[in-house]
Every structure is written in C-alpha cells, then in structure tokens.
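As the structure lists them, so they are numbered: ligands from 1, and atoms in each ligand from 1. Predicted, not measured: the structure shown is a model, and the values here were computed from it. The first residue of the sequence shown is numbered 1, and numbering continues consecutively from there.
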Amino acid sequence: MEKILELKNLKTWYSTDSGIAKAVDGVSFSLGRNRTLGIVGESGCGKSVTALSVMRLVPMPPGYFAGGEILWKGSDLLKISEEKMRRLRGNEIAMIFQEPMSSLNPVLTCGYQIMEQILVHRDISHAEAKARSVELLHLVGIPNPAERFSSYPHELSGGMRQRVMISMALSCNPELLIADEPTTALDVTVQAQILDLIGKLQADTGMSVMLITHDFGVVAELCEEVLVMYASKVVEKGAVEQLFKNPLHPYTRGLLNSIPRLGSPKERLHVIEGNVPSAVNLPDGCRFAGRCPLADARCRKEQPPLVEYETGHEAACWKVG
Ligand code: SF4
C-alpha cells in the first residue's frame with residue numbers, strides 16, 4: 001500500500017506561562033492512498049493539534065515543532081518553505097473545520113469563497129471557476145446551486161454551511177481531506193447526511209481521508225483504520241474490525257463501552273471516571289494510570305511502548321497479552 005502521509009515521532013509543543021504543553025508527544029502513524037483513518041479520543045488528547053500540524057497551521061509562537069517528521073509523499077512538510085506549504089494547503093491537502101460559521105467569511109457570498117479558493121490554485125478563467133463552484137455546490141447536495149452561489153453564510157442552515165465548507169475543501173480535488181469533527185455542530189439527521197457525503201466523495205475521487213472524532217460510531221461507519229489518542233500519545237491503532245472485536249487498551253475499551261447500544265435501553269452506559277491529564281503536567285508512567293482500573297506500581301512508573309500484538313494492531317499497555 002502506497003503511504004501518502006507518514007508521521008514519525010511528531011512532537012508539537014507549546015510554550016505557556018505554566019510550562020511546556022506537550023500537545024502532541026511522539027505520534028507516529030501512516031495513511032495509505034484512498035484509505036480512511038479515524039483518530040479518536042476525548043477532547044484535549046491531541047487529535048486536532050495533530051491535524052493542524054499536518055496542515056502546518058499551528059500558531060507559532062506559542063507552538064513549535066519539538067521533533068519528528070511529517071512526510072507527505074516522501075517529503076518532510078516541516079522542512080519546506082511557507083510558500084510551498086501555501087500551494088499545497090487547500091490544493092493537495094484540504095481541511096474541513098468543526099464550526100463552519102467561524103471558518104466562512106460572513107461578508108462574502110458562499111460562491112465567491114469557493115471561487116476564490118479555486119482561482120488561488122488553478123490557472124483558469126473567472127467564468128470557469130464560477131462554473132466549477134456551482135458544480136461543487138451541486139456535488140455536495142445543495143439544492144438550486146446556481147441560486148445558492150450568491151447566498152451569504154448566514155442565509156444557510158448549519159448543515160448547508162458545512163456542505164459549503166466541504167465543497168471548498170474539495171474544490172481542487174485534494175489527495176487528502178482532513179475532517180476535524182465535521183458533524184459536531186449539526187443535528188443527527190444532517191450528521192448522517194454529511195458522513196454519507198464524505199464517504200461517497202471518497203469512493204468517487206479516491207482521496208484519502210483523516211477523520212478526527214470523539215465518536216466511535218462515526219469511525220465504524222466511515223473508517224478502515226483507527227488510531228486512539230490519549231494524553232498526546234497514540235495508545236492503540238489498527239484496522240477498525242480489530243479494534244471493535246478485540247480492543248486491547250483499557251482506554252479503548254472504556255470508549256467502546258460508553259457507546260449506547262440499540263436493544264439494551266436499560267443497560268447503564270459506562271463512564272471513564274476522571275479527566276485527561278493536562279499537557280503541561282503529564283505523568284511519568286502510563287498516562288492513563290490515574291483512570292485505569294488495572295493500574296499498578298509499574299504502570300505509574302514506566303511508560304508502556306506501542307507494541308504490535310497482531311498484524312497491524314498495536315497497543316501501549318503493560319497488561320496486554
Ligand atoms: S499500562 Fe497500566 S495503567 Fe496503563 S493502560 Fe495498561 S494497565 Fe492501565
């Protein structure tokens with residue numbers, strides 16, 4: 001399988017008044033062409049900073065790359081110029097953000113914003129860019145796309161705005177689409193439509209997708225591979241079937257047990273007690289030890305490495321196997 005993206009021991013840290021916040025701390029994974037990878041974990045585990053690092057959109061300062069590599073088709077994105085990165089961003093790698101209202105410009109029409117994106121990256125006429133923008137609005141399922149081209153963001157519903165964001169992200173046929181909680185701000189019906197749409201577009205265009213979510217249900221629906229992050233590190237990764245059938249890490253099991261299941265309405269949902277440790281004050285040993293029912297003295301002292309337990313299925317826990 002051709003690796004389109006590979007992160008090797010990536011460390012994205014921030015200088016803060018309270019100390020160094022290790023938001024991403026030694027993260028490694030790869031993503032193949034035409035594959036969909038889900039990154040799951042609670043808020044504050046480093047998922048979004050991992051995505052922003054790939055886009056090189058981490059505000060610097062206070063952020064900085066303390067080590068590692070981000071290989072995009074073999075070249076390290078951390079070593080290329082900002083000018084090259086600008087050409088790549090939105091063109092080869094595109095991102096859909098969580099909240100479309102804060103990502104769209106309220107004083108420009110939706111059509112203009114899509115068109116602008118195309119004109120930055122493609123040497124085509126104004127008329128061609130407009131035709132392509134209308135085509136994209138149609139592709140993402142916006143009714144009357146020619147009319148909607150002239151709508152301002154506030155004139156559209158949340159679901160429609162998210163579709164506009166997706167059409168902007170797809171405007172230059174990216175090879176990688178990063179979607180950061182793309183459905184969090186939407187109601188359940190629209191969520192399902194947007195996820196279907198991303199899945200369909202992925203199948204049609206052959207792009208790779210990195211989907212950031214805290215929701216294992218979304219992963220089951222859309223992804224082939226999954227990465228579980230906890231306290232700035234990867235604690236488990238593997239194929240979706242492997243993780244669902246045989247979750248190895250206690251944190252993954254906790255997340256899976258907290259999904260409501262149809263047909264068992266009386267079953268109490270499991271809650272993982274406690275909070276994710278602060279990125280400024282990470283424990284020396286296993287970072288999950290403060291919340292793990294299996295933790296012992298070794299867990300609190302030594303950090304477990306990621307170990308492969310079956311082909312492609314890795315976990316970082318002293319008590320697996
Ligand atoms: S290493 Fe220990 S504390 Fe960490 S997840 Fe495994 S059992 Fe729990």
Side-chain angles (χ1 to χ4, degrees), residues 7-13 19-30 37-51 66-68 211-220 223 225-261 267-321:
L7 269 64
K8 290 186 176 174
N9 199 23
L10 180 70
K11 295 180 180 176
T12 310
W13 295 0
I20 294 173
K22 297 177 178 177
V24 173
D25 194 23
V27 165
S28 302
F29 66 88
S30 61
L37 169 76
I39 304 187
V40 289
E42 293 159 286
S43 300
C45 283
K47 308 181 304 285
S48 294
V49 180
T50 301
L211 181 77
I212 316 271
T213 178
H214 59 270
D215 184 344
F216 255 116
V218 170
V219 169
C223 302
E225 289 150 50
V226 58
L227 199 77
V228 182
M229 284 189 75
Y230 186 76
S232 317
K233 280 198 166 297
V234 175
V235 294
E236 184 159 0
K237 61 180 164 185
V240 167
E241 310 82 62
Q242 289 175 323
L243 257 92
F244 274 81
K245 270 198 202 137
N246 182 26
L248 299 174
H249 198 281
Y251 181 57
T252 312
R253 290 200 290 270
L255 290 177
L256 285 168
N257 286 339
S258 58
I259 303 175
R261 278 171 231 282
E267 197 179 298
R268 268 179 72 104
L269 283 183
H270 175 79
V271 175
I272 308 173
E273 300 288 347
N275 296 307
V276 181
S278 155
V280 178
N281 200 8
L282 292 162
D284 290 337
C286 173
R287 293 178 182 179
F288 190 55
R291 304 170 78 185
C292 180
L294 306 176
D296 63 13
R298 184 193 192 188
C299 299
R300 290 190 191 88
K301 214 162 105 202
E302 293 172 49
Q303 205 171 100
L306 258 184
V307 173
E308 189 173 54
Y309 289 94
E310 55 179 323
T311 310
H313 190 182
E314 300 174 25
C317 171
W318 293 123
K319 305 246 172 123
V320 180

Participant: Contact between V307 and V320 at the side-chain level, heavy atoms closer than 4.5 Å - yes or no?
Facilitator: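 Counting from C-beta outward, V307 and V320 never come under 4.5 Å.
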
Participant: Enumerate the residue pairs fulfilling ring pair (Phe, Tyr, Trp, His ring centres under 6.0 Å) with a member in residues 227-249, sequence neighbours excluded, ordered by first and then second residue.
Facilitator: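 Matches after skipping sequence neighbours: F216-F244, Y230-Y251, Y230-F288, H249-F288.
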
Participant: Keeping waters out of it, list the protein N, O or S atoms under 2.8 Å from atom 2 (Fe) of ligand 1.
Facilitator: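 Under 2.8 Å from atom 2 (Fe) of ligand 1 - ignoring waters, which are not counted - the protein N, O or S atoms are C299 SG.
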
Participant: Hey, which atoms in ligand 1 end up nearer than 4.0 Å to a heavy atom of H249?
Facilitator: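 Under 4.0 Å from H249, ligand 1 has these atoms: 5 (S).
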
Participant: Salt bridge between E241 and K245, side-chain N to carboxylate O under 4.0 Å?
Facilitator: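 Answer for the salt bridge query: no.
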
Participant: Is N275 atom CG crowded by more than 12 heavy atoms from other residues, nucleotides or ligands, each under 6.0 Å away?
Facilitator: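 No, CG of N275 has 12 or fewer neighbouring heavy atoms, counting only those of other groups under 6.0 Å.
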
Participant: Say whether, by atom type as modelled, one donor and one acceptor occur between the side chain of E236 and the main chain of L248 under 3.5 angstrom.
Facilitator: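 Pair found, side chain donor or acceptor close to backbone of L248.
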
Participant: State whether the side chain of K47 and the backbone N or O of M229 hold a donor-acceptor pair below 3.5 Å, judged by distance alone.
Facilitator: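 No.
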
